[in-house]
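Atoms considered below: every heavy atom in the structure, side chains included; atoms not considered: hydrogens, waters and symmetry mates. Quantities reported herein were computed from a predicted structural model and do not represent experimental measurements.
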Amino acid sequence: MTCTGETLLDTNKNYAQQLKDALKLRHEPVAVKLIREGEEFPACCSRPEAQMSHCQAVFAAKNGACLAMAAEDESCHVGSSALGMAETPEKVASGEFHAKIGMHDTPEAAAKMIAERKVIPYKVIGEAVCPLAKADFVPDTVEIVDIPERIYWVVPLETAERGGRVSFSTSPFQCACEDITVIPIVTGAPNISIGCFGCRKKTDMKADEMAVGIPYGRIEGYVSRLGRYTAGPMAKAKRD
């Protein structure tokens, strides 16, 4: 799909509405675009009044916010380093930072989590984060936060053509930055996260919610299949 200006915005509005209607989403699907050197920030987004973490931006966007965040607007360097905007802080790389939170037995265990994470392999100067329905740009990912039943449908959508099984990757930290943004961009496949400590501490993520990041290129096919799912398997499943 190649379209620009108003046509692209209309396309994204249509995608968002169909996702919301078919999946019965609680919140807006979120569009995330990482801005490379030399690229402009989308006109639909504005800089925040104060620093925010990436996860706070994603959760604000599911409630309607349109944010253009430069690297200096990012308050969490764990997230911004995964997103290609900063170097990994020494205390994060050594495991000291996360070990102090108390979930790992040793700094070495926490360091292994960081050493094995996926990071954006190119220079990023910022990001645009807004509801998909307001996106006048081509996102890298579309991100959805909702209850497991809503997120579940990504699995049949992903296996509809090729069959097989789907694998997902997560850790105790970095749900919004690594799990549902970096991993879909790097692997080209959707990734589901059951949440993380940071999201559950710093955002309005509910106890019954999880999240998924979907490469934008998958959305057209997903929406097409959802058209027949709503009258077929979705009508037969226990949805509420």
Just jot down the side-chain contact (heavy atoms from CB on, under 4.5 Å) partners of Cys76, sequence neighbours excluded, or say none.
Ser53, Val78, Lys202
Taking only residues two or more places apart in sequence, or in another chain, which ones meet Ser81 in a side-chain contact (heavy atoms from CB on, under 4.5 Å)?
Thr88, Pro89, Arg117
I need the Leu23 CG to Gln18 CD distance, nearest 0.5 Å.
10.5 Å
Note: Glu96-Lys100 ion pair, threshold 4.0 Å (strictly below):
yes
Residues in side chain to side chain donor-acceptor pair (under 3.5 Å) with Lys206, at least two apart?
none
I'd like to check the side chain to side chain donor-acceptor pair (under 3.5 Å) partners of Glu39; sequence neighbours left out, ordered by chain and number.
none
ring-ring contact (aromatic ring centres under 6.0 Å, His included): which pairs involve residues 74-121, sequence neighbours left out?
His98-Phe173
So which heavy atom on Ala65 is nearest to which on Pro131, and how close?
O-CD, 3.1 Å
For Tyr152, all residues meeting side chain to side chain donor-acceptor pair (under 3.5 Å), sequence neighbours excluded:
none
Using the rule that Ile, Leu, Val, Met, Phe, Trp and Tyr join whenever any side-chain heavy atoms are under 4.5 Å apart, tell me whether Val223 and Val138 fall into a single cluster.
yes
Which atom names give the shortest non-hydrogen contact between Leu157 and Arg225, and what distance separates them?
CD2-CB, 3.7 Å
In the structure I gave you, are the side-chain heavy atoms of Tyr222 and Val154 within less than 4.5 Å of one another anywhere?
yes
Decide whether Val30 and Trp153 are clustered together by the hydrophobic rule: side chain heavy atoms of Ile, Leu, Val, Met, Phe, Trp, Tyr closer than 4.5 Å, transitively.
no
First locate atom CE of Met205, then atom CG of Asp146, and finally report the distance between them rounded to the nearest 0.5 Å.
10.0 Å
Run the side chain to side chain contact (heavy atoms under 4.5 Å, CB included) test on Leu34 and Ile185 for me, step by step, so that the C-alpha distance in whole Å, both residues' side-chain angles and the decisive distance to 0.1 Å come before the verdict.
CA-CA 10 Å; Leu34 302 185; Ile185 292 173; 3.7 Å; yes
Minimum heavy-atom distance between Val124 and Leu83, given as atom pair plus value:
CG2-O, 3.2 Å
Cluster check Val166, Val142: I/L/V/M/F/W/Y, side chain < 4.5 angstrom:
yes
Are Phe137 and Ile125 linked, directly or through intermediate hydrophobic residues, by side-chain heavy-atom contacts shorter than 4.5 Å (ILVMFWY only)?
no
Nearest-0.5 Å distance, CG of residue Leu226 to CD1 of residue Ile219:
9.0 Å
Is it the case that atom NZ in Lys91 sees more than 12 heavy atoms from other parts of the structure closer than 6.0 Å?
no
Short question: side chain of Lys134, backbone of Gly64 - any donor-acceptor pair under 3.5 Å?
yes
Donor-acceptor pair, distance only, cut-off 3.5 Å: does the side chain of Thr141 make one with the backbone of Glu143?
no
Walk me through whether Asp204 and Lys62 qualify under salt bridge (Lys or Arg N to Asp or Glu O under 4.0 Å).
CA-CA 10 Å; Asp204 64 353; Lys62 76 177 176 56; 3.2 Å; yes
Drop me the distance from Asp136's CG to Asp10's CG, to the nearest 0.5 angstrom.
11.0 Å
Do Pro29 and Ile144 have side chains that get closer than 4.5 Å, going by heavy atoms?
yes
Pairwise side-chain contact, Arg150 with Leu25, heavy-atom cut-off 4.5 Å (strictly under):
yes
Passes side chain to side chain contact (heavy atoms under 4.5 Å, CB included), Glu28 versus Lys20? Steps please.
CA-CA 7 Å; Glu28 293 291 329; Lys20 288 168 64 178; 2.6 Å; yes
For Gln51, check side-chain contact (heavy atoms from CB on, under 4.5 Å) against everything at least two apart and list the hits.
Ser75
Those residues at least two apart in sequence (or on a different chain) that pass salt bridge (charged side-chain N to carboxylate O under 4.0 Å, His left out) with Arg239 are Glu149
So, taking the atom named CD1 in Ile180 and the one named CG in Asn191, what distance separates them when rounded to the nearest 0.5 Å?
9.0 Å
Residues clustered with Met69, ILVMFWY side-chain links under 4.5 angstrom:
Met52, Leu67
Under 3.5 Å, side chain of Asn63 to main-chain N/O of Ala60, donor-acceptor pair present?
no
Does a side-chain heavy-atom distance below 4.5 Å link Ile183 with Glu178?
yes
Restricting to non-hydrogen atoms, name the atom on Ala68 and the atom on Phe41 that form the minimum distance, rounded to 0.1 Å.
CB-CD2, 3.7 Å
Closest non-hydrogen contact found for Ala176 with His54 is O-NE2, 3.2 Å
Side chain to side chain contact (heavy atoms under 4.5 Å, CB included) between Thr170 and Cys175: does it pass, once the steps are laid out?
CA-CA 7 Å; Thr170 191; Cys175 160; 5.9 Å; no
Among all residues two or more places apart in sequence or in another chain, which pass the side-chain contact (heavy atoms from CB on, under 4.5 Å) test with Val186?
Lys118, Ile120, Pro121, Val182
Find out whether Asn12 and Tyr216 are in side-chain contact, i.e. whether some heavy atom of one side chain is under 4.5 Å from a heavy atom of the other.
yes
Contacts of Arg26 that satisfy side chain to side chain donor-acceptor pair (under 3.5 Å) - sequence neighbours left out
Asp208, Glu209
Should Val212 and Phe59 be counted in the same cluster of Ile, Leu, Val, Met, Phe, Trp and Tyr side chains packed under 4.5 Å apart?
no
I'd like a table of donor-acceptor pairs (distance under 3.5 Å, sequence neighbours excluded) in which one partner is a side-chain atom from residues 231-238, with atom names and distances.
none

What I'd like to find out is whether the side chain of Gln174 reaches to under 4.5 Å of the side chain of Ile114, using heavy atoms alone.
yes
Kindly give the heavy-atom pair with the smallest separation between Val129 and Ala57, and that separation in Å.
CG1-O, 3.7 Å
So, Tyr229 side chain and Pro156 main chain: donor-acceptor pair closer than 3.5 Å or not?
yes
Check whether any side-chain heavy atom of Ile35 lies under 4.5 Å from a side-chain heavy atom of Pro42, and answer yes or no.
yes
For residues Ile194 and Phe168, determine if any side-chain heavy atom of one lies less than 4.5 Å from a side-chain heavy atom of the other.
no
When rounded to the nearest 0.5 Å, the distance separating SG of Cys199 from CE of Met210 is 12.5 Å
